[in-house]
Amino acid sequence: MSGNPVMCVTGANRGIGLELARQYLADGWNVIATVRSMDISDELAIVVEAYPNLRIEQLEIGDAESVRALAERLSGQPIDLLINNAGTFGPLPFVENIQKQRFGTVDLDVWSDVLRVNTLGTINVTEALVDNVVASDKKMIVTLSSGAGSIGGSDRTAMAYTTSKAALNKAMTIVARTLQERDVVVAIMCPGYVRTRMGLGGGDVDVDESVAGLRSLISGFTMADSGTFRRYNGDVIPW
Ligand SMILES: NC(=O)c1ccc[n+]([C@@H]2O[C@H](COP(=O)([O-])OP(=O)(O)OC[C@H]3O[C@@H](n4cnc5c(N)ncnc54)[C@H](OP(=O)(O)O)[C@@H]3O)[C@@H](O)[C@H]2O)c1
């Protein structure tokens, strides 16, 4: 990898993760993009063709052995910016899934799986790669959470998804305070309601605009931003 900064993004096979990889590569960064399966999407294959400074790595964030193996492969590799992007809304199809996340018909197995990936998996990846971040120049960790995890929100559905993000938010504020002494900025961000697979056919914002907003904010982050929760447009989100 060249002397330019290194960004590592999880869940880069599609959606926001793919666009984060694409925009940082276009800006000259070296990018490590993780995917669940090395049988990558056509969209990611096009990016692989275009950018030699892109490294693809396999990672299933809910699998502790997969996380450990990635950390071993990346041992000694500084990471200026780690973006925890990988996440799940729960199993498809959506209509059945949403029923399983509604109070009254909650499916505890679905809830447990979503927590294991979105909350435990994200924290596990962060722990596994923290020394790589500390060894870099910029020392930043950004986690994509969701405004849907805000306790004061009015959601009546998606019990598994929203609680997984609420718990992730709390955990990341602890990570932020813990890593302050190692000069690492830890920010929590919501990309907006984005037109991706997770957006389920809806959305208020296109993925390129959301990612441009996230990148613009990230580029200005200092230690004063550590532990904060912001939307892609800069709005502060109440917990
Ligand atoms: N879209 C929205 O409106 C929205 C709003 C708020 C927050 N977010 C957050 O933004 C992030 C990205 O969302 P998105 O809209 O881009 O979703 P997406 O289109 O569904 O893409 C999710 C990505 O995460 C990967 N992934 C899922 N589970 C994983 C696991 N266990 N291990 C490793 N990778 C995994 C997927 O891999 P595969 O390609 O193999 O499935 C995919 O590449 C998520 O954390 C999400 O919660 C999204």
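Atoms within each ligand, like the ligands themselves, are counted from 1 in listed order.
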Which of the numbered atoms in ligand 1 are under 4.0 angstrom from any heavy atom belonging to [X]?
| X | value |
| --- | --- |
| Leu144 | 10 (O), 45 (O) |
| Ile16 | 10 (O), 12 (C), 13 (O), 14 (P), 15 (O), 16 (O), 48 (C) |
| Asn13 | 39 (O), 43 (O) |
| Gly192 | 2 (C), 3 (O), 4 (C), 5 (C), 6 (C) |

Is [X] in polar range of ligand 1, meaning some N or O pair under 3.5 Å apart?
| X | result |
| --- | --- |
| Ser146 | no |
| Tyr193 | no |
| Pro191 | no |
| Gly11 | yes |

Set of residues satisfying ring-ring contact (aromatic ring centres under 6.0 Å, His included) with respect to Phe229, sequence neighbours excluded: Trp239
For Trp111, ring-ring contact (aromatic ring centres under 6.0 Å, His included) partners two or more places apart: none
Which residue holds the protein heavy atom closest to [atom], what is that atom called, and what is the gap in Å?
| atom | result |
| --- | --- |
| atom 21 (O) of ligand 1 | Arg14 CG, 3.5 Å |
| atom 7 (C) of ligand 1 | Ser145 O, 3.1 Å |
| atom 36 (C) of ligand 1 | Arg197 NH2, 3.7 Å |
| atom 40 (O) of ligand 1 | Arg36 NE, 3.1 Å |
| atom 1 (N) of ligand 1 | Thr196 OG1, 3.0 Å |
| atom 2 (C) of ligand 1 | Val194 N, 3.6 Å |
| atom 44 (C) of ligand 1 | Asn85 O, 3.1 Å |
| atom 27 (C) of ligand 1 | Gly87 O, 3.3 Å |

Within 6.0 Å of CD in Glu65, more than 12 heavy atoms from elsewhere: yes
Note: Arg215-Asp208 ion pair, threshold 4.0 Å (strictly below): no
Audit row: Leu74, Arg55, side chain to side chain contact (heavy atoms under 4.5 Å, CB included) steps and yes/no: CA-CA 11 Å; Leu74 295 183; Arg55 172 174 168 182; 3.4 Å; yes
Residue part near ligand 1, for [X], under 4.0 Å between non-hydrogen atoms:
| X | result |
| --- | --- |
| Tyr161 | side chain |
| Val117 | side chain |
| Leu59 | backbone |

Polar contact flag, side-chain donor to acceptor under 3.5 angstrom, Asn169-Ser145: yes
Single-linkage hydrophobic cluster Ile46~Tyr51, side-chain heavy atoms < 4.5 angstrom: no
Same cluster (ILVMFWY, side-chain, under 4.5 Å), Tyr161 and Leu108: no
Contact check, Lys165 vs ligand 1, heavy-atom distance below 4.0 Å: yes
Heavy-atom pair of closest approach, residues Asn97 and Gly90: ND2-C, 3.4 Å
Whether Asn30 side chain and Asn4 backbone form a donor-acceptor pair below 3.5 Å: yes
Whether Thr162 side chain and Gly149 backbone form a donor-acceptor pair below 3.5 Å: no
Side chains of Val130 and Leu179 in contact at under 4.5 Å (non-hydrogen atoms): yes
